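Here the structure is a predicted model, which means the values were calculated and not measured. Labels below follow one simple rule: chain letters A, B, ... track the order of the sequence lines, proteins then strands, and each chain is numbered from 1.
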2 protein chains.
Amino acid sequence: MTLGVRHDDLRRRNRAMVIAAIRREGQPSRTDLVSRTGLSHSTISAISSDLIAEGVLRPVKTGENEIVRRGRPQVSLGLEPKAATVLTVVLLLNTLSATVFDYAGQIVAQRRERLATLGATRDDLVGSVMRMIAAVLGDAGRVPKDIMRMTMAVQGITDSDARTMLWTPITPESDIPFADILEKHFAFPVTVQNDCNMIAVALRARDPERYRDNFVTLLLSNGIGMGLVLRGELFTGAYSSGGEFGHMVHRPGGALCRCGRRGCIEAYAGNYAILREAAGRSDQTAADADVDPQTMLELANDARAGEGPARDAFRRAGEAIGYGLGSLFALIDPAPVAIVGPGTLAFDMMEPSIRDAIAQTAGGQHDAAISFDLETDEMPLILEGSARRALEAVDNELFAPGYIATMQATS
Amino acid sequence: MTLGVRHDDLRRRNRAMVIAAIRREGQPSRTDLVSRTGLSHSTISAISSDLIAEGVLRPVKTGENEIVRRGRPQVSLGLEPKAATVLTVVLLLNTLSATVFDYAGQIVAQRRERLATLGATRDDLVGSVMRMIAAVLGDAGRVPKDIMRMTMAVQGITDSDARTMLWTPITPESDIPFADILEKHFAFPVTVQNDCNMIAVALRARDPERYRDNFVTLLLSNGIGMGLVLRGELFTGAYSSGGEFGHMVHRPGGALCRCGRRGCIEAYAGNYAILREAAGRSDQTAADADVDPQTMLELANDARAGEGPARDAFRRAGEAIGYGLGSLFALIDPAPVAIVGPGTLAFDMMEPSIRDAIAQTAGGQHDAAISFDLETDEMPLILEGSARRALEAVDNELFAPGYIATMQATS
DNA sequence: TTATTTTTTTCGAGGCTCGAAAAAAAAGAG
DNA sequence: CTCTTTTTTTTCGAGCCTCGAAAAAAATAA
């Protein structure tokens with residue numbers, strides 16, 4: 001049950017608010033903070049001087065963009081890059097990358113390598129991740145105890161505690177408790193997140209006007225991923241990362257899906273499904289584990305050239321996505337949709353049938369609210385979202401009792 | 001953007017917490033409140049004596065159930081019935097009822113009448129509601145300015161501001177702004193809520209062990225309604241009351257639904273759909289506006305008697321519900337399901353196919369978490385949920401600045 | 001050099017919660 | 001019947017926190 005609000009929570013919350021505002025705004029002055037947070041000048045002054053003394057914030061000299069006016073000039077406050085260091089690891093099909101960020105969100109060091117995930121054993125995967133972390137920490141000139149938080153983004157389903165990769169399309173291995181393994185080895189806190197959720201986090205940070213309280217991100221690739229933000233919060237399931245849009249049922253008992261079930265949206269709209277259909281193979285054929293982007297581009301060009309199996313396949317894919325969005329919108333009301341990933345390259349071939357299908361559903365009522373934004377390259381978004389997630393976790397730890405002691409002990 | 005926490009918010013929140021705890025627990029002592037809220041004895045003492053002085057709480061003598069122990073006996077605190085009066089109106093197919101509750105949640109007066117909603121014009125409906133409110137207020141010996149809050153529960157879709165009935169199956173009329181109309185006439189605040197959402201509110205109050213953070217309520221009747229609680233909060237859409245489970249797409253382009261679209265879950269699982277199928281009519285036949293419960297009981301008995309069209313119809317209905325739940329659970333993870341309404345009388349004929357269908361979907365993975373509770377009579381739940389909603393709104397208004405002044409002015 | 005303007009800090013007042021101690025209210029013991 | 005013990009509730013002073021007003025600081029304009 002909900003606990004009463006203690007007196008010291010008050011300061012902690014207001015500190016959190018100030019830091020969050022600075023992370024959003026970039027380099028606001030104290031006066032900006034007053035208007036953003038609704039707190040008084042006195043309070044902002046007290047909190048910010050505390051945070052500066054603790055090494056979390058620093059006054060920054062704004063060079064050019066300042067309007068020269070009468071009166072005492074505003075002093076902008078920025079996050080102190082040295083206040084903390086965080087680490088992100090992104091594990092996707094055949095790709096592994098690790099990045100070190102400073103507290104201000106700037107990249108300190110980055111590594112990326114190809115990794116044949118499909119054939120990799122559990123130990124291969126864990127070992128590769130560990131080696132890459134060690135290497136990138138070396139590049140950045142940091143040791144594990146400098147890292148205050150790590151976020152790992154993976155393709156697939158994670159548990160709701162963000163500790164274990166429950167299932168993934170990138171390897172037959174499942175239930176890998178990355179957080180436990182890495183925390184044991186490196187001794188910094190780790191969370192494991194779904195890649196699409198990280199995309200959603202990044203989009204909200206990039207364009208808060210458009211992506212704020214309710215929106216959907218779809219990742220169109222060999223599978224179909226979804227990130228869902230409802231009421232301004234990332235939606236996750238009760239047990240898992242949830243949001244398995246690709247495995248909502250499009251046609252009961254229909255086409256064979258990569259997950260082994262039948263009729264999932266993915267079994268019509270995933271790259272493998274589009275290829276299978278365009279190639280005239282039965283929709284009960286086993287799925288390809290990976291489809292070359294080049295192949296999909298050629299398929300899209302075939303479809304653009306005129307009617308034929310390729311165009312039909314994309315139409316069918318669009319229909320599956322459209323009915324799925326329609327059902328989703330029946331539940332949550334229409335919302336802006338961001339389409340991310342390689343699938344955007346053929347989105348023009350799918351959009352008409354998506355819109356037709358949505359119009360057939362209850363979700364199609366307010367279709368003015370439905371718009372599609374495209375972003376082909378998902379990798380920068382995943383990285384940005386992961387970093388943001390790790391940094392925001394640090395932001396909030398800074399106010400926990402004992403933070404100051406910890407900082408002094410480690411710095 | 002989120003505002004800073006002011007100093008006076010603190011007291012307001014803690015007062016809210018105390019009142020909420022008392023509404024949940026019934027008649028806790030101050031010591032109980034200390035452990036429930038985590039606040040100190042001093043704070044609880046201060047807040048409760050304030051609330052007693054303001055006439056919101058009262059010390060109650062617990063008669064029997066008290067364990068006789070050494071030491072100063074605990075004094076239980078209860079809600080003061082005279083602190084406020086709320087009103088609920090429930091408008092369903094062919095039924096209208098209005099109830100007056102005191103602040104402790106006891107019924108003061110109640111009226112109920114049959115009303116031929118299907119043939120009623122907008123003015124008929126509004127007029128009937130107004131007359132019934134006036135009558136029940138008379139029964140209760142209250143005047144409109146005694147009422148601090150009214151909740152109206154309606155079958156159908158409401159807007160997310162809870163002010164307008166956007167669409168309803170009980171009459172062809174749509175977009176009736178009940179809240180505006182009634183507030184103008186009676187001058188007390190009104191909200192308009194979806195009936196299934198009120199059922200969810202009531203279930204959570206009745207059995208907080210089982211229905212707490214995540215659960216689903218399905219109302220099986222001529223149509224299919226849903227109430228959804230996620231993360232402990234009633235889920236509503238961005239524009240509407242949302243949760244249109246019955247209009248998720250089961251079979252694209254399939255059976256004709258009452259809403260005019262094709263393939264909705266309701267077009268297979270609503271009473272009219274089951275009857276249509278069992279009677280051997282085409283699934284493109286127009287829906288009956290209402291189906292006699294007696295007819296459904298006979299149909300269920302036909303089905304229980306052995307294989308045949310009736311059994312097939314229920315099986316098909318179960319399949320639609322099952323795939324729908326499967327898709328829902330793919331998004332939100334499995335959760336307990338409460339099945340409410342006349343449809344429960346034939347639930348035994350549907351449950352096997354529901355479970356079979358769910359097992360075919362991604363949502364069926366953790367099917368241990370899926371359980372069905374049945375409750376045939378929805379009316380008491382709707383009433384209880386509506387009252388609770390109104391009372392909780394009053395609970396929270398009591399802490400708004402100016403509350404004390406208002407109370408003194410009106411009492 | 002002085003006045004004006006704007007930002008930031010300082011200072012005292014008022015509220016709130018907390019822990020400890022005191023008061024209250026009952027049962028049990030002698 | 002009185003005193004002790006036990007438990008609940010209230011009181012009291014300390015410590016924070018936020019706020020508004022006033023003061024200080026830091027720049028431009030005259």
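Atom P of nucleotide C:dT7 and atom CD of A:Gln27 are separated by 17 Å, given to the nearest angstrom. Rounded to whole Å, the distance from CG on B:Asp32 to P on D:dT7 is 15 Å. Taking atom CZ on B:Arg30 and atom P on D:dT9, their separation rounds to 6 Å, with Å as the unit. When the C1' atom of D:dT8 is taken as reference, atom CG of B:Leu39 falls 17 Å away, rounded to whole Å. Between the C1' atom of C:dT5 and the CD atom of A:Gln74 lies a distance of 13 Å, rounded to the nearest Å. Rounded to whole Å, the distance from CG on B:Asp50 to P on C:dG15 is 13 Å. Note: CZ (A:Arg13) to C1' (C:dT17) measures 14 Å, nearest angstrom. Summarising the geometry, the separation between CD1 on A:Ile44 and P on D:dC17 is reported as 15 Å, rounded to the nearest angstrom.
Taking all atoms of both residues into account, the shortest heavy-atom contact from B:Leu234 to B:Ala200 is CD1-CB, 4.0 Å.
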Open item on the list: Show, in sequence, the C-alpha distance, side-chain angles and deciding distance for A:Gln74 and A:Ser29, and conclude whether the side chain to side chain donor-acceptor pair (under 3.5 Å) test is met.
Closed with: CA-CA 6 Å; A:Gln74 301 188 347; A:Ser29 69; 3.0 Å; yes
Open item on the list: Assess the residue pair B:Glu54 and B:Arg15 against the criterion (salt bridge (charged side-chain N to carboxylate O under 4.0 Å, His left out)); give the C-alpha distance rounded to whole Å, side-chain angles, the decisive distance to 0.1 Å, and a yes or no.
Closed with: CA-CA 12 Å; B:Glu54 289 167 24; B:Arg15 284 167 61 109; 2.7 Å; yes
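Between the side chains of B:Ser40 and B:Thr43, at least one donor N or O sits under 3.5 Å from an acceptor N or O.
Where A:Ser76 and B:Ile47 each meet DNA chain C at their nearest nucleotide, the meeting point lying more 5' is that of A:Ser76. Residue whose closest nucleotide on DNA chain C sits further toward the 5' end, between B:Thr43 and A:His41: A:His41.
Salt-bridge check for A:Arg23 with A:Asp395: passed, with a basic side-chain N closer than 4.0 Å to an acidic carboxylate O. For A:Glu384 and A:Arg388, the salt-bridge test fails: no basic side-chain N is under 4.0 Å from an acidic carboxylate O. Ion pair A:Asp207/A:Arg212 not flagged as a salt bridge, since none of the NZ, NE, NH1 or NH2 atoms sits closer than 4.0 Å to an Asp/Glu carboxylate oxygen.
Between the side chain of A:Ser241 and the backbone N or O of A:Thr158, at least one donor-acceptor pair lies under 3.5 Å.
Of the side-chain N and O atoms in A:Ser49, none sit less than 4.0 angstrom from OP1 or OP2 of C:dT9. In this model, the phosphate group of D:dT18 is approached by a side-chain N or O of A:Asn14 to a distance below 4.0 Å at OP1 or OP2.
Legend: residues meeting side chain to side chain donor-acceptor pair (under 3.5 Å) with A:Glu209, ordered by chain and number and at least two apart, are absent.
Using a 4.0 Å heavy-atom criterion, one finds that B:Ser40 contacts the bases of the nucleic acid, with or without backbone contacts as well.
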Please list, for nucleotides 12-16 of chain D, all pairs of protein and nucleotide N/O atoms separated by less than 3.5 Å.
{"residue": "D:dG15", "atom": "N2", "partner": "A:His7", "partner atom": "ND1", "Å": "3.2"}

Task: Annotated protein contacts, base or backbone, on nucleotides 24-30 of chain D with a non-hydrogen cut-off under 4.0 Å, one of B, S, - each - done: BBBBBS-
